[in-house]
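Letters A, B, ... mirror the listed sequences (proteins, then strands); counts begin at 1.
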Amino acid sequence: MIKKGHYGIYGGQYVAETLMPALHELEKSYRQFIHDKAAIREFKHYLADYVGRPTPLYFAERLTSYLGGAQIYLKREDLNHTGAHKVNNTLGQALLAKYMGKRRLIAETGAGMHGVATATMAARFGMECEVFMGQEDIERQAPNVERMLVLGAKVTTVNSGSATLKDAMNEAIRNWIATVEDTFYVIGTVAGPHPYPEMVRYFQSVIGKESRRQILSKAGRLPNEVIACVGGGSNAMGIFAGFLKDREVALIGVEAGGSGVASGFHAASINGGRLGVLHGNKTYLLQDNNGQVRPTHSASAGLDYPGVGPEHAFLHEIGRVHYTVIDDDEAVAAFDLLCQQEGIIPALESAHALAEAIRRAPSMAADKTIIVNLSGRGDKDMQSVRAYKKEMQ
Amino acid sequence: MSRIEAIFGQCQQEKRKALTVFISAGNPNIAASEKLALALADAGADIIELGVPFSDPMADGPVIQAAANRALAAGTRLSDIIAMAQRIRLAAPHIPLILFSYYNVILSYGVEKLADDCVKAGIDGWLVVDVPFEESAEIQPILKKRGLSLIPLVAPTTSLERARKIVKRADGFVYYVTVKGVTGVRMELPADLQRKLNALREVSPVPVVAGFGIATPEMAKITVAHADGIVVGSALVRLMNEAKTPESGIARCRELTTALAAALRD
């Protein structure tokens, strides 16, 4: 980092003045929190007994033999309480909110997993919770809306713009501007203004730490490749954090290709976007020639976002992480294959990472290893997958 | 002397406060916005903010969001707004014109190129909603070199200590955000507004104008007792949004501006 809160030229704090004092307060409290032994002990206690960590690193033996190449390990974030990696971060931020004396949590959500994870922590710690969700996502992720409601959260429908994740985030930011004094904004990914990218990475880095320890114990050496899907990029940053210093480990981020980057209907910010500023940070952004943010397209609601976390932009620029693209059809095929071969229903988001492994593994030697971050479970996607297949017929 | 300094000097001489109006450029089209700007200048507006439409206006309420959507649907580009400003400048040589934008549109156009084009068009400064003090170093020197002002925001959440740092670097004027919230018409303004404005004026070397939520001549009058001027945005934009034709919207905006200007004179 060259300047505080920046990753090279990326990152920063591009928000309205009204929020700046809140970001300063948040940064200060966050630093205190992570250096407070009792606070971190509490975080670890809940990770173990409430979230269910460590999550297994599972050798997908049948899938590996089916593909006939590199050994594929799955980091089972789908087995976390609430069904995805999102809870690692919402637990951390909810504890921080409590630490700061805030009584109300707000969040944006796309696939609904972050919304559910935030509503869960609000229920657990007795806080008020409001989740902003685009109309389109409310329709395609209906089961998660039900979950948030039974957990006591208020779900606010967002109809502006494309009525998806970015618009939900706009509305959450607008709400925060008006309620900043008693409200904690729980951002679900490694994006947004500083300190969010750094803070979310910190809370998610447990994925990478565990994975590194587990692969050393199971395979006796570091993996050749680590693959994760990237929307905003929190599950990827979480697992990459454990391996960034291991130069021999190839790190691969997988963006959502939708109908293909060439078609223009995709959500691949790094592969199809250019430098921009949205939601408080400077990063790669899908936009038109006039600097207007472009609508994104992906079968997976959780990857349907026009930006990407600033650290990913930086890791791309310095070449430490390679960012590829998986289209909707490949992701759905990977979804099916994992169901059939391993009896695991992956989230459509995670199926993108899996599809990249399926593409790579057959041409790799049998003594090579790949870790795929299986960031979430796919129960929420049954309707989306059915609708997608019907449309393709 | 800059046009901004000149207008505040003139207001002081005439013992009145400055009226800044916000236009959502391109709502419903550029031709209407151009007519609207000239009508408001004629009706007594002292400064005009030209709002650049953005797909994701995070600091704006429903009124300006709707206006931005209409402007974008009409195909409004930043270059169209610069060209419009140039025409307004020819017809109204003295009125300060402030480009009011989110940063991404500026970044996409090119900061230096836009600054050059603004100088050519006779625009006097920028207000970039999502570039706070901490990030302003990537814009301010470029503007300063060309004699353009960067208008900073101070919010109700800004501490006096922080406000001091902000106004120290300010030129032109400083924009005080009257309410915690997004843009939009309010029924009333916060109780501590006067105290906050007085404190800010005490430390500010440049004039302080207050905006967000001010909709009527009565609210204008109360606010301006403790400021050097006010900004009216959503109240005017709403009239344009609701009008059956651009002409009828312009006529109603002209009426409101005349009434606001009168309230600032008493």
Side-chain angles (χ1 to χ4, degrees), chain A residues 3-6 9 11-25 27 159-162 166-183 192-194 273-283 285-295 306-307, chain B residues 52-62 65-66 68-69 71-72 75-81 101-110 114 127-138 152-159 161-163 166 174-177 179-184 212:
Chain A
K3 192 176 146 196
K4 191 190 76 164
H6 291 248
I9 62 164
Q13 293 180 305
Y14 297 89
V15 296
E17 170 62 20
T18 311
L19 294 179
M20 284 306 297
L23 291 176
H24 289 312
E25 185 201 355
E27 186 181 2
N159 281 307
S160 58
S162 54
K166 86 169 167 76
D167 310 287
M169 198 153 174
N170 289 338
E171 214 51 49
I173 291 172
R174 288 182 189 120
N175 185 282
W176 199 35
I177 291 175
T179 61
V180 64
E181 274 162 352
D182 70 340
T183 295
H194 175 71
R274 62 189 171 90
L275 188 69
V277 167
L278 183 71
H279 295 151
N281 60 148
K282 194 183 271 180
T283 186
L285 186 63
L286 294 173
Q287 54 184 314
D288 69 14
N289 292 332
N290 302 308
Q292 305 297 339
V293 180
R294 269 181 29 199
Chain B
V52 177
F54 181 46
S55 53
D56 296 81
M58 281 153 288
D60 284 302
Q65 284 178 46
N69 286 342
L72 291 175
T76 307
R77 294 163 306 177
L78 184 48
S79 53
D80 302 322
I81 297 168
S101 183
Y102 288 85
Y103 190 33
N104 195 57
V105 184
I106 292 175
L107 197 62
S108 172
Y109 192 97
L114 181 62
L127 194 161
V128 192
V129 190
D130 52 352
V131 175
F133 180 77
E134 279 74 1
E135 306 293 350
S136 62
E138 67 185 76
L153 294 171
V154 170
T157 50
T158 311
S159 67
E161 183 197 350
R162 178 174 167 81
I166 293 173
V174 50
Y175 187 137
Y176 181 76
V177 178
V179 295
K180 286 178 211 117
V182 294
T183 57
F212 273 45

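Heavy atoms closer than 4.5 Å to chain A are found in the backbone of V154(B), but not in its side chain. Looking at N175(A), there are no atoms closer than 4.5 Å to chain B (heavy atoms on both sides), in backbone or side chain. Both the backbone and the side chain of P57(B) come within less than 4.5 Å of a heavy atom of chain A. Using a 4.5 Å cut-off between heavy atoms, F54(B) contacts chain A through both its backbone and its side chain. Residue contact with chain B, scored on non-hydrogen atoms closer than 4.5 Å, involves the side chain of R274(A) exclusively. Contact of I106(B) with chain A is not made at all, since no heavy-atom distance falls under 4.5 Å.
Pairing each heavy atom of S108(B) with each of N290(A), the nearest pair is OG-C, 3.7 Å. Summarising the geometry of R174(A) relative to M58(B), their closest heavy-atom pair is CG-O, 3.0 Å, with the distance given to 0.1 Å. The shortest heavy-atom contact between T157(B) and E17(A) is OG1-O, 4.2 Å. Taking all atoms of both residues into account, the shortest heavy-atom contact from S55(B) to Q292(A) is N-OE1, 2.7 Å. Closest approach of P132(B) to Y14(A), counting heavy atoms only: CD-CA, 4.2 Å. Considering every non-hydrogen atom in both N104(B) and V277(A), the closest pair reads OD1-N, 2.8 Å.
Counted by atom type alone, H24(A) and E134(B) present one or more donor-acceptor pairs between their side chains at under 3.5 Å.
If you take CG on L278(A) and CG on D130(B), they are separated by 9.0 Å, rounding to the nearest 0.5 Å.
The most heavy-atom pairs under 4.5 Å with chain A, out of N69(B), V131(B), L72(B), come from L72(B). Listed options G161(A), G280(A), A178(A) were ranked by heavy-atom pairs under 4.5 angstrom with chain B; first place goes to A178(A). Interface check for chain A: of the options E138(B), R162(B), E135(B), R77(B), the most heavy-atom pairs under 4.5 Å are formed by E135(B). The greatest number of non-hydrogen atom pairs below 4.5 Å with chain A, out of L78(B), T158(B), I166(B), V179(B), is found for T158(B).
The main-chain N or O of K180(B) is never found under 3.5 Å from a side-chain atom of T18(A) such that the two would form a donor-acceptor pair.
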